[in-house]
Amino acid sequence: MKKVMNGAQAVVECMKREGVEHVFCVPGESYLPLMDSIYESGDIQLISTRHEGGASFMAEAYGKATRKPGVAMATRAVGGANLAIGIHTAYQDSTPMVVFLGQVHSKFRGREGFQEVELDRFFGHIAKWTVEIKDAERMPELVQRAFRIAKSGRPGPVVVALPEDVLVAEAEMSFGPVAPVPKPRPGASEVAAIEQLLANAKRPLILGGGGVIAADGEQALLKLAEALNIPVMAAFRRHDIFPNNHRLYVGHSGLGTFSPILDTLGQADVVLVVGTRLSEVTTQDYGIFPQNPKLIHIDIDAATLGKSYSPDLGVVADAREALEALLDMNVTCMWEEWAKERREAYELAGEGIAKEEYAVDNREIIRIMQEVLSEDTMITNDAGNFAGWLHSFYSFNRPKTYIGPTSGAMGYGLPAAIGAKVASPGKTVVSLSGDGGFMMTVQELETAARYNIPVIALVFNNSMYGTIRMHQEIHYPERVIGTDLGSVNFAELGTALGVQSVRVETNEDFKEALARAVASNAPALIEIMTNPERISVQSTISSIREKAKHRV
Ligand SMILES: Cc1ncc(C[n+]2csc(CCOP(=O)(O)OP(=O)(O)O)c2C)c(N)n1
Ligand SMILES: [Mg+2]
């Protein structure tokens with residue numbers, strides 16, 4: 001059926017067909033008709049943020065939480081440049097996302113018009129697909145294609161540039177069907193080949209990543225692991241693929257992972273890799289398989305296979321479909337001892353870490369979170385060493401409870417919490433950030449306050465870019481430059497931005513503040529004053545300096 005409408009209305013019609021309920025933006029005059037069409041539609045909520053970086057992180061986390069494309073909007077080159085970090089994160093994290101950018105009037109294009117840039121080329125390298133729509137009549141076709149590309153195969157961000165005149169031009173529009181996401185299943189011969197490889201395994205391991213989450217494959221993974229008695233490890237920042245309190249969970253391969261956990265990867269002789277691109281971090285600088293185990297790699301994207309490691313068997317399939325298909329295998333499991341041993345290694349890995357002689361002990365903070373928060377609380381995370389304690393000591397026992405950027409983008413935690421909370425209003429959502437990362441998107445506290453989005457933001461304040469300081473002390477001991485930060489009172493800042501905020505200086509005060517924040521059901525900020533000397537889970541500034549003295 002054809003309908004006459006303008007370009008902006010066609011974009012909104014596509015969004016409605018895709019089930020878009022929220023869009024995140026900073027407004028701009030270049031795409032006012034689109035904002036007005038959203039106003040007219042009545043059933044899409046427009047969340048206007050304080051910075052496009054915040055908007056894009058919100059949309060990206062919304063996409064992660066719903067597995068549907070998150071939508072962000074911004075104006076021309078300036079808004080586009082600001083939201084690039086969220087596009088890059090969606091790319092690295094394989095998150096479905098569609099970004100609409102206002103573009104210069106077609107008549108002015110190519111003259112370096114006001115805020116003009118070739119947006120499709122600008123984003124070409126960090127987006128899955130980019131397009132500038134030049135003809136209003138093609139709006140439905142191209143916008144629907146944008147959504148199709150964002151969510152199918154390896155999901156990712158798509159950037160759509162919308163010239164000012166095309167948004168207001170009327171045309172007879174015809175809309176196609178909404179694309180279902182293809183879910184390829186492994187063929188019988190592929191399942192047989194996997195069966196064969198596992199039949200000869202002595203120390204098999206499953207290494208799962210974001211593809212398991214995207215495919216809603218957590219239950220299938222649990223069933224398969226239990227049926228075969230194979231231990232499971234999570235890829236970088238994908239802890240929630242498998243219950244961490246389960247006897248078969250053997251840890252997470254990330255930054256600062258304890259070596260006994262990494263030994264599991266080193267010792268495995270057959271690794272079933274499911275839904276992870278085997279990133280630099282997950283593979284510990286492409287060094288996790290010193291023994292050259294047999295590698296079975298299952299991924300939705302053929303281009304991912306062989307990108308980091310050449311697998312003995314590469315299978316293009318949806319993670320859940322594949323895991324379910326593998327349940328039909330006929331494999332005798334004799335790996336109970338191995339699984340038990342690796343679980344013990346995981347459980348004991350952090351035992352040696354000394355208790356902190358400081359009023360705030362980050363490990364205790366994580367334990368308190370575990371005690372106070374319900375198991376289905378969603379945790380979002382920023383980038384920084386504070387996260388080491390979360391990654392090492394928090395037990396993610398339920399699926400869809402962790403949202404963190406594998407891109408390592410600072411400033412992610414708070415806006416991601418806002419996006420996740422909008423996606424899952426029934427869940428408690430808590431973000432963790434360092435003082436450095438938090439300051440990059442702190443202004444979104446006001447967004448949370450304005451829309452009453454009750455997220456709980458934790459800020460670990462050590463008045464420094466701690467992570468970089470750690471690397472600096474390792475490589476250039478006692479030569480501190482650029483990593484010290486001023487002392488900011490985040491509790492006062494949060495209060496000024498309209499959020500109930502408190503500074504805590506002891507573990508006990510944190511516990512009380514967290515319980516209060518959960519009960520309040522309003523946006524809340526808890527600033528935690530940490531020990532600047534305790535630079536990471538496994539080191540202090542003095543211990544690094546001491547080590548350096550003995551280095552030749
Ligand atoms: C956008 C961005 N800029 C810079 C970096 C490099 N970087 C990684 S961690 C870090 C410091 C983080 O400091 P903070 O948030 O205070 O956490 P801390 O390490 O002190 O716990 C920096 C600058 C990054 N990952 N992302
Ligand atoms: Mg810091």
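Both ligands and their constituent atoms are indexed starting at 1 by order of listing.
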Is a side-chain donor-acceptor pair under 3.5 Å present for Q115 with S30?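 There is no such pair between these side chains.
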With no hydrogens and no angle check, just 3.5 Å: does a side-chain donor-acceptor pair link E60 and Y412?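 On atom types as modelled, these side chains qualify, holding a pair under 3.5 Å.
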Measure the distance from [atom] to every protein heavy atom, then report the residue, atom name and distance (to 0.1 Å) of the closest one.
{"atom": "atom 19 (O) of ligand 1", "answer": "T467 OG1, 2.6 Å"}
{"atom": "atom 8 (C) of ligand 1", "answer": "I468 CD1, 3.8 Å"}
{"atom": "atom 3 (N) of ligand 1", "answer": "M410 SD, 3.7 Å"}
{"atom": "atom 15 (O) of ligand 1", "answer": "G437 N, 2.8 Å"}

Check the angle between the aromatic planes of [X] and [Y] and answer parallel, tilted or perpendicular using the 30° and 60° thresholds.
{"X": "F236", "Y": "H391", "answer": "perpendicular"}
{"X": "F460", "Y": "F386", "answer": "parallel"}
{"X": "F242", "Y": "H246", "answer": "perpendicular"}

So, is the end of the R154 side chain (NZ or CZ) under 6.0 Å from the ring centre of Y91 and within 45° of the ring's axis?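 Here R154 passes the 6.0 Å and 45° test against Y91.
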Applying a heavy-atom cut-off of 4.0 Å, say which part of M470 lies close to ligand 1: side chain, backbone, both or neither.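 For M470, no heavy atom sits under 4.0 Å from ligand 1.
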Before you tell me yes or no, could you show the steps for K128 and D301 under salt bridge (Lys or Arg N to Asp or Glu O under 4.0 Å), namely the whole-Å CA-CA distance, both residues' side-chain angles and the distance that decides it to 0.1 Å? CA-CA 13 Å; K128 195 176 167 193; D301 179 27; over 6 Å; no
Is the H297 to Y309 ring centre distance short of 6.0 Å?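 Ring centroids of H297 and Y309 are no less than 6.0 Å from each other.
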Would you check if the distance from the ring center of F100 to the ring center of Y31 is below 6.0 Å?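 For F100 and Y31, the ring centres are not under 6.0 Å apart.
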With nothing but distance in play, are any N or O atoms of [X] less than 3.5 Å from an N or O of ligand 1?
{"X": "I85", "result": "no"}
{"X": "G436", "result": "yes"}
{"X": "N462", "result": "yes"}

What are the atoms of ligand 1, with element, lying closer than 4.0 Å to any heavy atom of [X]?
{"X": "N385", "value": "18 (P), 19 (O), 21 (O)"}
{"X": "F386", "value": "17 (O), 21 (O)"}
{"X": "G466", "value": "13 (O), 18 (P), 19 (O), 20 (O)"}

Among A383, A387, G434, G408, whose heavy atom sits nearest atom 25 (N) of ligand 1?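 Looking at heavy atoms only, the winner is G408.
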Could you pull out, from F438, W389, Y465, the option with a heavy atom nearest to atom 13 (O) of ligand 1?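 It is Y465 that holds the nearest heavy atom.
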Can you list the protein N, O or S atoms less than 2.8 Å from the Mg ion (ligand 2)?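 Atoms qualifying: D435 OD1, N462 OD1, M464 O.
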Beyond-backbone contact of N507 with D361, side-chain heavy atoms, under 4.5 angstrom: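 Yes, their side chains come closer than 4.5 Å.
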Can you confirm whether more than 12 heavy atoms, excluding those of K427, are under 6.0 Å from its NZ atom?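 Yes, NZ of K427 has more than 12 neighbouring heavy atoms, counting only those of other groups under 6.0 Å.
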Name the residue from K421, M58, E444 that meets the side-chain contact (heavy atoms from CB on, under 4.5 Å) definition with I453.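 Only one option passes, and that is K421.
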